[in-house]
Colleague: 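Have a look at this one.
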Amino acid sequence: MKKLVIFDLDGTLLNTIADLAAATNHALAHFGYPTHETDAYRFFVGNGINKLFERALPANARMQDNVLKIRSEFIPYYNEHNADLSRPYPGITEVLSVLQERGIQVAVASNKYQDATRKLILQFFPEIDFVGIYGQREGIPAKPDPHVVFEIMEKAGVGKPDTVYVGDSCVDMETGKNAGVTTVGVSWGFRPRAELEAYSPDFIADHSQDILRFLFPE
């Protein structure tokens with residue numbers, strides 16, 4: 001039986017796309033840039049907010065100064081509104097509870113900035129005792145670099161054979177493979193199932209309970 005399950009946040013535990021889109025559109029409009037439909041943001045997210053802003057800006061405006069301008073307007077707005085529409089995916093809270101009841105450690109490794117990652121996890125999953133809640137932090141490489149996975153494994157005292165990484169995108173599948181741990185893709189997130197299949201994860205979950213069926217085969 002596995003001993004540690006590390007989850008991505010956006011598109012895996014929580015459906016955050018509407019709030020991410022609203023905050024980015026707010027910042028873009030503030031500086032006179034065109035905005036986007038919410039669905040477009042499914043392909044903008046995944047590599048941290050600076051990359052999100054770069055992708056959302058017009059092609060001729062993707063300079064670092066503009067990215068930082070958008071960031072300066074996005075963060076205070078998102079800090080206020082990041083839970084307006086965001087919600088856990090169906091059954092996810094129950095999955096986390098079962099893992100906790102069975103003595104499996106759980107953690108979060110996200111490319112969302114640290115303050116928002118921690119706030120959302122504590123707000124939506126207050127009953128879960130996560131061994132680590134890690135977002136993007138200064139001086140720490142973002143996923144798909146495996147640094148955060150190794151950091152959580154060390155804190156949990158668990159090795160690679162006993163660790164599972166769960167996420168909804170190619171970034172997540174790369175992260176798990178770079179770390180040398182078992183990878184589980186979830187098809188309910190922001191990216192198409194074909195993107196997960198291209199990275200040959202150990203398992204693809206189409207429903208939250210599939211994670212439990214994979215971890216606890218009869």
Side-chain angles (χ1 to χ4, degrees), residues 1-23 38 41-42 45-46 78-136 143 148-149 151-153 155-156 158 162-169 171-173 175-176 181-191 193 196 201-218:
M1 189 170 72
K2 300 294 185 180
K3 298 177 181 177
L4 170 65
V5 182
I6 304 171
F7 291 88
D8 173 49
L9 173 57
D10 300 280
T12 301
L13 295 177
L14 297 178
N15 186 350
T16 56
I17 201 70
D19 288 328
L20 286 165
T38 297
Y41 282 92
R42 294 176 180 275
V45 300
Y78 189 67
N79 285 344
E80 284 290 316
H81 298 281
N82 58 24
D84 288 0
L85 299 171
S86 296
R87 296 291 183 273
Y89 285 100
I92 279 294
T93 302
E94 291 77 10
V95 168
L96 293 171
S97 296
V98 169
L99 294 177
Q100 183 166 268
E101 288 163 8
R102 297 199 183 191
I104 295 177
Q105 298 182 80
V106 293
V108 174
S110 176
N111 275 346
K112 183 188 291 291
Y113 62 98
Q114 177 67 19
D115 288 349
T117 297
R118 187 165 182 81
K119 177 192 169 188
L120 287 168
I121 289 296
L122 295 179
Q123 176 171 341
F124 285 108
F125 308 109
E127 304 302 319
I128 305 300
D129 183 21
F130 291 91
V131 68
I133 301 171
Y134 295 125
Q136 198 168 42
K143 301 182 299 181
V148 66
V149 175
E151 188 176 359
I152 292 169
M153 287 166 54
K155 187 174 182 182
V158 174
D162 296 319
T163 301
V164 179
Y165 186 85
V166 182
D168 71 303
S169 73
V171 173
D172 297 308
M173 298 305 95
T175 302
V181 302
T182 298
T183 52
V184 173
V186 303
S187 66
W188 55 76
F190 300 160
R191 303 296 179 86
R193 197 179 201 277
L196 299 172
D202 294 286
F203 181 71
I204 296 179
D206 293 315
H207 306 282
S208 57
Q209 293 298 314
D210 292 342
I211 296 172
L212 298 179
R213 283 189 274 272
F214 173 71
L215 293 172
F216 310 116
E218 294 181 359

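Note that the coordinates shown come from a computational prediction; the quantities given were computed from them, not determined experimentally.
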Colleague: What verdict does the side-chain contact (heavy atoms from CB on, under 4.5 Å) test give for Thr16 and Asn82, after you've listed the backbone C-alpha separation in whole Å, the side-chain angles of each residue and the deciding distance to 0.1 Å?
Modeller: CA-CA 8 Å; Thr16 56; Asn82 58 24; over 6 Å; no

Colleague: Would you mind reporting whether Leu215 and Met1 have side-chain heavy atoms less than 4.5 Å apart?
Modeller: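 No, every pair of side-chain atoms sits at 4.5 Å or beyond.
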
Colleague: Side chains of Tyr89 and Thr12: does their closest heavy-atom pair fall under 4.5 Å?
Modeller: no

Colleague: Minimum heavy-atom separation for Phe190 to Gly11, with atom names?
Modeller: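 Shortest heavy-atom contact: CZ-N, 3.5 Å.
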
Colleague: If you compare all heavy atoms of Ile204 against all heavy atoms of Ser187, which two are closest, and at what distance to 0.1 Å?
Modeller: CG2-CB, 4.3 Å

Colleague: Would you say the side-chain atoms of Gln105 pair up with the backbone N or O of Val131, donor to acceptor, closer than 3.5 Å?
Modeller: no

Colleague: Could you tell me the separation between the OH atom of Tyr165 and the CD1 atom of Ile6, rounded to the nearest 0.5 Å?
Modeller: 7.5 Å

Colleague: Does a side-chain heavy-atom distance below 4.5 Å link Phe130 with Ile152?
Modeller: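 A side-chain contact under 4.5 Å is absent here.
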
Colleague: Side-chain donor-acceptor pair under 3.5 Å between Asp172 and Thr175, yes or no?
Modeller: no

Colleague: With rounding to the nearest 0.5 Å, note down the distance linking CZ in Phe216 to CD1 in Ile211.
Modeller: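 Answer rounded to 0.5 Å: 11.0 Å.
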
Colleague: For Lys112, is there any backbone N or O sitting under 3.5 Å from a side-chain donor or acceptor partner on Thr117?
Modeller: yes

Colleague: Look at the aromatic rings of Phe214 and Phe203 and report parallel, tilted or perpendicular, splitting at 30° and 60°.
Modeller: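 Parallel: the ring planes of Phe214 and Phe203 meet at under 30°.
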
Colleague: If you look at every heavy atom in Asp162 and Val158, which pair is closest and at what distance?
Modeller: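 Taking every non-hydrogen atom into account, CB-CG1, 3.6 Å.
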
Colleague: Hey, does Leu14 have a side-chain heavy atom less than 4.5 Å from the side chain of Leu9?
Modeller: yes

Colleague: I need the Glu94 CD to Leu99 CG distance, nearest 0.5 Å.
Modeller: 11.5 Å

Colleague: When you measure from the side chain of Asp210 to the backbone of Asp206, do you find a donor-acceptor pair of N or O atoms at a distance under 3.5 Å?
Modeller: yes

Colleague: Look up atom CG in Leu96 and atom CD in Glu101, then write down how far apart they are to the nearest 0.5 Å.
Modeller: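 Answer for the CG-CD pair, Leu96 versus Glu101, is 11.0 Å.
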
Colleague: When rounded to the nearest 0.5 angstrom, what is the spacing between CG in Asp19 and CG in Asp84?
Modeller: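 Asp19 atom CG to Asp84 atom CG measures 5.0 Å (nearest 0.5 Å).
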
Colleague: NZ of Lys2: more than 12 outside heavy atoms within 6.0 angstrom?
Modeller: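 Atom NZ in Lys2 is packed in, count exceeds 12.
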
Colleague: Can you confirm whether Phe7 sits close enough to Ile121 that some side-chain heavy atom of one is under 4.5 Å from a side-chain heavy atom of the other?
Modeller: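 No, their side chains stay 4.5 Å or more apart.
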
Colleague: Could you grab the distance from atom CZ of Arg118 to atom CG of Leu120, nearest 0.5 Å is fine?
Modeller: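 The CG atom of Leu120 is 12.0 Å from CZ of Arg118, to the nearest 0.5 Å.
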
Colleague: Do the side chains of Arg191 and Leu196 get nearer than 4.5 Å, heavy atoms only?
Modeller: no

Colleague: Is Asp202 reaching over with its side chain to a backbone N or O of Thr183, donor-acceptor style, under 3.5 angstrom?
Modeller: yes

Colleague: Can you tell me if Glu127 uses its side chain to pair, donor with acceptor, with the backbone of Thr93 under 3.5 Å?
Modeller: no

Colleague: Indicate the atoms forming the closest heavy-atom contact of Met173 with Gly167, along with that distance.
Modeller: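 Looks like CE-O, 3.6 Å.
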
Colleague: Taking all non-hydrogen atoms of both residues into account, name the closest pair between Ile92 and Leu13 and its distance.
Modeller: CG2-CD2, 3.6 Å

Colleague: Does some side-chain heavy atom of Phe125 sit less than 4.5 Å from a side-chain heavy atom of Pro88?
Modeller: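 Yes; the side chains approach each other to less than 4.5 Å.
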
Colleague: Could you pull out the closest heavy-atom pair between Gly135 and Gln114, with the gap in Å?
Modeller: N-OE1, 2.5 Å

Colleague: Before you tell me yes or no, could you show the steps for Leu20 and Tyr41 under side-chain contact (heavy atoms from CB on, under 4.5 Å), namely the whole-Å CA-CA distance, both residues' side-chain angles and the distance that decides it to 0.1 Å?
Modeller: CA-CA 8 Å; Leu20 286 165; Tyr41 282 92; 5.6 Å; no

Colleague: In the structure I gave you, are the side-chain heavy atoms of Ile128 and Ser97 within less than 4.5 Å of one another anywhere?
Modeller: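 Yes; the side chains approach each other to less than 4.5 Å.
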
Colleague: Assess whether side chain to side chain donor-acceptor pair (under 3.5 Å) is satisfied between Asp115 and Tyr78, documenting all intermediate values.
Modeller: CA-CA 11 Å; Asp115 288 349; Tyr78 189 67; over 6 Å; no

Colleague: Strictly distance-based, threshold 3.5 Å: is any side-chain N or O of Ser208 a donor or acceptor partner for the main-chain N or O of Pro90?
Modeller: yes

Colleague: Donor-acceptor pair, Lys143 side chain versus Ala109 backbone, under 3.5 Å?
Modeller: yes

